[in-house]
Structure formats: C-alpha cells, structure tokens
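Worksheet: one structure, shown below.
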Amino acid sequence: MKQNRQKKKKNVLCGCDYLLYQAYATGAVGWISMTANILPKLSADFHNAMIIEKDYQKGLEIYKKLYPVVNMTERYPAPTQAVKHILTEVIGFDEGICRRPRREISAEDKAMVVEWSQIKELAKTNKM
C-alpha cells in the first residue's frame with residue numbers, strides 16, 4: 001500500500017546573533033536573539049527589511065548598525081549579565097539582580113561592554 005506523503009516545509013531560525021545577516025540572506029525566517037531585547041526597533045526593522053520587503057541592501061545597512069551589539073552578545077563570556085546591565089543602566093529598565101549561578105559583572109567589565117557594544121549611540125536610534 002502506497003502512502004501519501006506530503007512534503008513539509010521546514011523553516012530555519014538564526015540562533016547566532018553575529019551571523020544574523022548571513023542566516024537571513026540564505027533563508028532563515030526568524031531569529032532567537034538577545035539583541036532584540038536591547039534594540040527591539042532596529043531588530044524588527046532588520047527582520048522586516050529582509051523578510052517582508054526583501055530589501056537585502058537595507059537589511060545589510062541595519063545589520064551594520066546592529067553589529068557592535070550582536071558581536072558583543074556572541075563574544076563576551078557573560079552575555080546574559082551584559083544584556084541585563086545594558087537594559088538597566090543604558091535603556092532604563094529595572095532588571096534586578098543576576099541570579100545564581102551567574103554573578104554580576106565587574107564595574108570594569110560593565111564599562112567595557114557599554115563601550116564595545118556602542119549601545120549608548122545605538123539606543124538613540126532605537127525609539128519605537
């Protein structure tokens with residue numbers, strides 16, 4: 001007896017922030033992201049440019065703006081703590097303390113994360 005098999009479409013999501021553009025340009029339809037918590041408007045603008053508008057040049061320009069943050073979230077050894085610090089100190093959300101086993105990052109690392117991610121400048125362009 002022959003079974004009727006339907007081809008099921010499978011979607012790919014990007015799970016690596018700094019490979020965001022490359023993933024979308026090669027077929028990813030979404031993004032599991034720490035960066036979107038920090039820069040929701042720019043992240044949504046990127047997604048819309050790539051998926052809705054199919055404007056890869058516009059998407060690339062937005063990705064270039066996002067890159068300092070996506071690079072930091074992937075390469076800094078304590079990205080959760082870095083994101084919490086940015087959300088609290090730069091964006092203005094009360095994110096509370098880091099729970100165990102994570103520990104709050106040092107004042108020196110906090111300053112480095114803010115500088116490395118260029119978040120103060122990017123946050124100005126992220127208004128909804």
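In what follows, every heavy atom counts, from backbone to side chain, and hydrogens, waters and symmetry copies are set aside. One-based numbering along the sequence shown.
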After noting the C-alpha distance and the side-chain angles of Val12 and Val29, does the key distance pass the side-chain contact (heavy atoms from CB on, under 4.5 Å) rule? CA-CA 6 Å; Val12 174; Val29 298; over 6 Å; no
For residues 73-88, pull every pair meeting salt bridge (Lys or Arg N to Asp or Glu O under 4.0 Å), keeping only residues two or more places apart or in separate chains.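 Sorted result for residues 73-88: empty, none.
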Do Asn71 and Tyr76 have side-chain atoms, one donor and one acceptor, less than 3.5 Å apart? no
Are Glu104 and Lys110 side-chain neighbours, meaning at least one heavy-atom pair lies under 4.5 Å? yes
May I have the list of side-chain donor-acceptor pairs in residues 114-122 shorter than 3.5 Å, sequence neighbours left out?
{"from": "Ser117", "atom 1": "OG", "to": "Val113", "atom 2": "O", "distance (Å)": "2.8"}
{"from": "Ser117", "atom 1": "OG", "to": "Val114", "atom 2": "O", "distance (Å)": "3.4"}
{"from": "Ser117", "atom 1": "OG", "to": "Ile119", "atom 2": "N", "distance (Å)": "3.4"}

Locate the shortest heavy-atom distance separating Gln81 from Ile105; write the atom from each residue and the value.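 Answer, listing the atom of Gln81 first, then Ile105: CB-CG2, 3.7 Å.
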For Asp55 and Met50 the tightest heavy-atom approach is O-SD, 4.3 Å
Value rounded to 0.5 Å, distance of [atom1] in [X] from [atom2] in [Y]:
X      : Y     : atom1 : atom2 : answer
Leu66  : Ser43 : CG    : OG    : 5.0 Å
Leu20  : Ser33 : CG    : OG    : 7.5 Å
Arg102 : Thr80 : CZ    : OG1   : 3.5 Å
Ile62  : Leu39 : CD1   : CG    : 12.0 Å

Can you get from Val83 to Phe93 by hopping between Ile, Leu, Val, Met, Phe, Trp and Tyr side chains that sit under 4.5 Å apart? yes
Honestly curious: do Val69 and Leu19 fall in one hydrophobic cluster under the side-chain, below-4.5 Å linking rule?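 Yes, Val69 and Leu19 fall within the same hydrophobic cluster.
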Among residues at least two apart in sequence or on other chains, which ones pass side-chain hydrogen bond (donor to acceptor under 3.5 Å, both in side chains) with Gln57?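 Scan of Gln57 (side-chain hydrogen bond (donor to acceptor under 3.5 Å, both in side chains), adjacent residues dropped) gives Glu61.
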Mind checking what makes side-chain hydrogen bond (donor to acceptor under 3.5 Å, both in side chains) contact with Tyr18, not counting sequence neighbours?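 Tyr18 satisfies side-chain hydrogen bond (donor to acceptor under 3.5 Å, both in side chains) with no other residue.
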Evaluate Trp31 against Val70 for side-chain contact (heavy atoms from CB on, under 4.5 Å), listing each step before the verdict. CA-CA 12 Å; Trp31 174 24; Val70 299; 4.2 Å; yes
How would you list, by chain and number, every residue that makes a side chain to side chain contact (heavy atoms under 4.5 Å, CB included) with Thr88, sequence neighbours excluded?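 Partners of Thr88 under the side chain to side chain contact (heavy atoms under 4.5 Å, CB included) test: Glu95.
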What I want to find out is whether Lys58 reaches Glu53 closely enough, with some N-O distance under 4.0 Å, to be called a salt bridge. yes
Just grab all the ring pair (Phe, Tyr, Trp, His ring centres under 6.0 Å) pairs involving residues 38-71, residues at least two apart or on different chains. Tyr21-Tyr63, Tyr24-Phe46, Tyr24-His47, Tyr63-Tyr67
